[in-house]
> 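One structure, as structure tokens, below. Some questions next.
Computed over heavy atoms, backbone and side chain alike; hydrogens, waters and symmetry mates excluded. All residue numbers in this chain count up from 1 along the given sequence.
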Amino acid sequence: MLSLLIGIPLLGAAVIGLIPEQLDRQIHRTLALTFGLILFGLSMGLLLQFDPSLGSLQLAETVPWIPQLGLIYELGVDGISLPLVVMNGLLVLIAIWASGKVERPRLYYSLLLMLAAAVAGAFLAQNLLLFFLFYEIELIPLYLLIAIWGGPRRTYAATKFLVYTALSGILLLIGFFGLSWLSDTNSFTYAVLQAHPLPLVQQSLLLIPILLGLAIKIPLVPFHTWLPDGHVEASTPISVLLAGLLLKLGTYGLLRFGLQLLPDAWEQAGPWLAGLAVVNVLYGSFNALVQQDMKKLVAYSSIAHMGYILLAAAAATPLALVGSIFQMISHGLISALLFLLVGAVYTNTGTRDLKLLEGLLNPERGLPLIGSLMVLGVMASGGTPGMVGFIAEFIVFRGSFPVFPLQTLLCMIGTGLTAAYFLLMVNRAFFGRLSDVAIAMPRRRLGERLPAAVLAVIVVLLGLQPAWVTGWVEPTMVHILDPASTAVVLAPVSDVGHPTLL
């Protein structure tokens with residue numbers, strides 16, 4: 001089952017790669033949509049097979065690969081990786097749908113499906129070297145997708161992304177080799193390393209390269225500069241995947257390798273990480289306030305919201321850890337929605353400049369549906385009750401406050417700043433008299449707006465029923481903090497509307 005989540009998109013990439021480029025580009029798109037739909041169906045099937053009452057690893061698959069090097073094909077899923085794998089299936093399908101007519105569709109869709117396979121593999125890998133392989137493999141398709149189908153400065157942005165994230169991978173590899181060597185196990189198997197805890201000094205030494213590597217990927221200030229450039233130059237579907245999935249590899253790594261494998265050092269580093277979270281939230285928010293490019297504004301907002309995940313991970317209480325996963329899902333859905341809508345504005349008006357846009361909510365000649373969804377999206381990002389963003393931030397703050405009260409209060413300022421910069425954006429671009437730049441806007445087909453509409457519905461549904469996520473995550477978080485515990489703190493899945501920790 002887990003191997004299919006990697007194999008199906010790889011098979012799709014191979015099949016599309018064999019279709020001649022000269023054929024109708026719709027054939028490539030239809031095939032990509034088919035394989036994307038199968039991938040999403042498999043991820044939903046995984047959801048049904050997963051037992052939410054268990055906190056341990058499930059559906060494990062192990063195949064010896066190069067055991068002499070410690071490289072074993074080991075996959076598994078728990079409450080940390082399950083929602084991220086499901087989100088991978090959803091956002092890849094949406095990105096394919098939103099791609100529309102692209103040049104060189106055979107290469108484009110093949111790369112996109114390869115990216116989906118690599119991300120799924122990284123979330124499912126239970127061997128550190130296997131995770132590293134998938135972590136590095138995803139760089140190649142993403143680099144090409146930005147470098148070939150990006151904006152005017154795409155080469156610069158793609159190269160910057162590649163250099164930063166390659167450095168991230170090298171630092172992670174140093175940390176992984178250190179873990180295997182110092183544990184004296186000659187193994188990269190996650191469970192084996194977890195069963196051989198290291199002294200605090202050694203944990204602290206290993207946490208440094210792992211944290212630095214993941215800080216680049218998340219990205220944390222001051223390693224964030226590749227992200228705004230990458231988003232601005234990337235096409236809309238690639239921005240959806242970049243914000244919705246790729247950044248989550250970094251925060252997922254914090255929980256998987258920092259918290260679980262180096263718990264003593266993680267506890268010592270907690271106050272510093274919480275301080276860094278505050279810097280990320282405030283720096284990203286103040287930068288978003290002064291942006292004139294809508295896409296760059298959303299990119300800096302993304303940096304700020306990743307700070308909430310770091311704060312929750314640093315606090316490491318059961319509730320905060322549930323909040324960190326919920327914030328990953330919330331940020332993935334909301335940022336994907338906002339990037340889709342910004343892309344729709346650009347496609348229709350030819351600009352993302354807030355100085356030029358005005359009155360797009362005009363019901364006669366404007367973009368009323370896009371504008372309405374944008375209002376919903378910014379409300380969700382700003383933490384309006386009833387939306388997924390509110391629940392995520394509420395759980396994060398409630399779980400982190402007992403451990404880091406000052407840092408949590410400072411991060412709460414970010415929610416106010418989020419409302420401020422998004423209110424400025426919506427007010428400038430969507431209210432008032434329709435500007436001249438939008439007069440000749442072509443009418444778009446409803447199907448082109450479907451991906452954003454689907455995301456908007458999910459954002460509201462998870463805001464009204466957060467237990468659809470927390471119910472699958474809670475037992476794993478309890479198990480992480482107390483592996484010996486067999487207590488199940490969660491009600492049966494049929495009653496997940498009343499999660500214990502909430």
Side-chain angles (χ1 to χ4, degrees), residues 90-91 93-101 231-232 235-237 239-240 243-244 288 291-299 301-302 330-390 418-464:
L90 173 66
L91 292 187
L93 179 60
I94 283 179
I96 294 171
W97 187 287
S99 293
K101 297 178 181 178
H231 272 306
V232 168
S235 62
T236 296
S239 279
V240 167
Q291 299 303 318
Q292 296 299 322
D293 185 319
M294 293 175 71
K295 202 170 187 184
K296 213 164 188 175
L297 188 154
V298 178
S301 170
S302 189
S330 166
H331 175 266
L333 295 172
I334 295 173
S335 60
L337 172 61
L338 293 177
F339 278 119
L340 280 175
L341 297 173
V342 170
V345 169
Y346 183 74
T347 302
N348 283 277
T349 66
T351 182
R352 301 186 299 259
D353 193 338
L354 290 173
K355 294 177 181 174
L356 302 176
L357 294 170
E358 191 176 11
L360 293 179
L361 262 176
N362 186 301
E364 295 295 330
R365 295 179 297 121
L367 301 170
L369 179 58
I370 297 297
S372 302
L373 293 175
M374 180 66 84
V375 171
L376 185 145
V378 300
M379 287 173 65
S381 187
T384 302
M387 308 281 185
V388 69
F390 169 77
T418 303
Y421 58 71
F422 274 136
L423 183 62
L424 286 172
M425 183 187 81
V426 170
N427 191 47
R428 289 178 185 173
F430 292 92
F431 290 98
R433 188 174 66 84
L434 190 64
S435 62
D436 294 338
V437 72
I439 284 178
M441 283 190 298
R443 288 292 171 190
R444 313 297 297 184
R445 290 183 294 112
L446 185 61
E448 297 177 22
R449 300 167 185 178
L450 184 62
V454 169
L455 283 176
V457 169
I458 297 174
V459 162
V460 174
L461 284 178
L462 290 184
L464 297 174

> Within this structure, what is the CE-CG distance for the pair Met425 and Leu354, rounded to the nearest 0.5 Å?
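Rounded to the nearest 0.5 Å, the CE-CG separation comes to 7.5 Å.
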> Quick one: CG on Asn348 to CG on Leu367, what's the gap to the nearest 0.5 Å?
4.5 Å
> Is Phe422 close to Leu338 at the side-chain level, that is, under 4.5 Å between some pair of heavy atoms?
yes
> Taking side chain as C-beta onward, heavy atoms only, is Val345 less than 4.5 Å from Arg352?
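With C-beta onward as the side chain, the pair stays apart.
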> Over all heavy atoms of both residues, which pair between Val459 and Ala380 is shortest? Give the atoms and the distance, please.
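Shortest heavy-atom separation between Val459 and Ala380 comes out as CG1-CB, 3.5 Å.
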> Taking atom CD of Glu358 and atom OG1 of Thr349, what is their separation to the nearest 0.5 Å?
13.0 Å
> Which heavy-atom pair separates Gly332 from Ser335 by the least distance, and what is that distance?
O-OG, 3.5 Å
> So which atom in Ile458 and which in Leu90 form the shortest heavy-atom distance, rounded to 0.1 Å?
CD1-CD2, 3.6 Å
> Roughly how far, to the nearest 0.5 Å, is the CE atom of Met294 from the CZ atom of Phe339?
11.0 Å
> Given Arg449, which partner from the list Val454, Leu369, Leu341, Leu340 fulfils the side chain to side chain contact (heavy atoms under 4.5 Å, CB included) test?
Leu369
> Testing the basics here: between Pro451 and Ile94, what is the closest heavy-atom pair and its distance to 0.1 Å?
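Closest pair (atom of Pro451, atom of Ile94, distance): CB-CG2, 3.7 Å.
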> Counting distance only, does the side-chain N/O of Asn427 pair as donor-acceptor with the main-chain N or O of Leu423 below 3.5 Å?
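Not at all, since once roles are kept as given, no pair shorter than 3.5 Å links the two residues.
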> Got Ile370 and Leu360 here, is their nearest side-chain heavy-atom distance under 4.5 Å?
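No - every pair of side-chain heavy atoms lies 4.5 Å or more apart.
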> Is there a side-chain contact between Leu376 and Met387 (heavy atoms, below 4.5 Å)?
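Touching, per the 4.5 Å side-chain cut-off.
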> Is a side-chain donor or acceptor of Lys355 paired with a backbone partner of Gln292 at a separation under 3.5 angstrom?
no
> What pair of heavy atoms forms the shortest contact from Ala95 to Pro237, and how long is it?
O-CB, 3.5 Å
> Can you tell me how far apart OG (Ser302) and CD1 (Ile334) are? Round to the nearest 0.5 Å.
11.0 Å
> Have Tyr421 and Ser301 got a donor and an acceptor in their side chains that come within less than 3.5 Å?
yes
> For a side chain to side chain contact (heavy atoms under 4.5 Å, CB included) with Val342, tell me which candidate from Thr236, Val298, Leu297 qualifies.
Val298
> Grab the two heavy atoms, one from Ala453 and one from Leu373, that are nearest each other, plus how far apart they are.
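Shortest heavy-atom contact: N-CD1, 4.1 Å.
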> In the structure I gave you, are the side-chain heavy atoms of Leu455 and Leu91 within less than 4.5 Å of one another anywhere?
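They are in side-chain contact.
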> Please check: side-chain N/O of Thr384 versus main-chain N/O of Met379, any donor-acceptor pairing under 3.5 Å?
yes
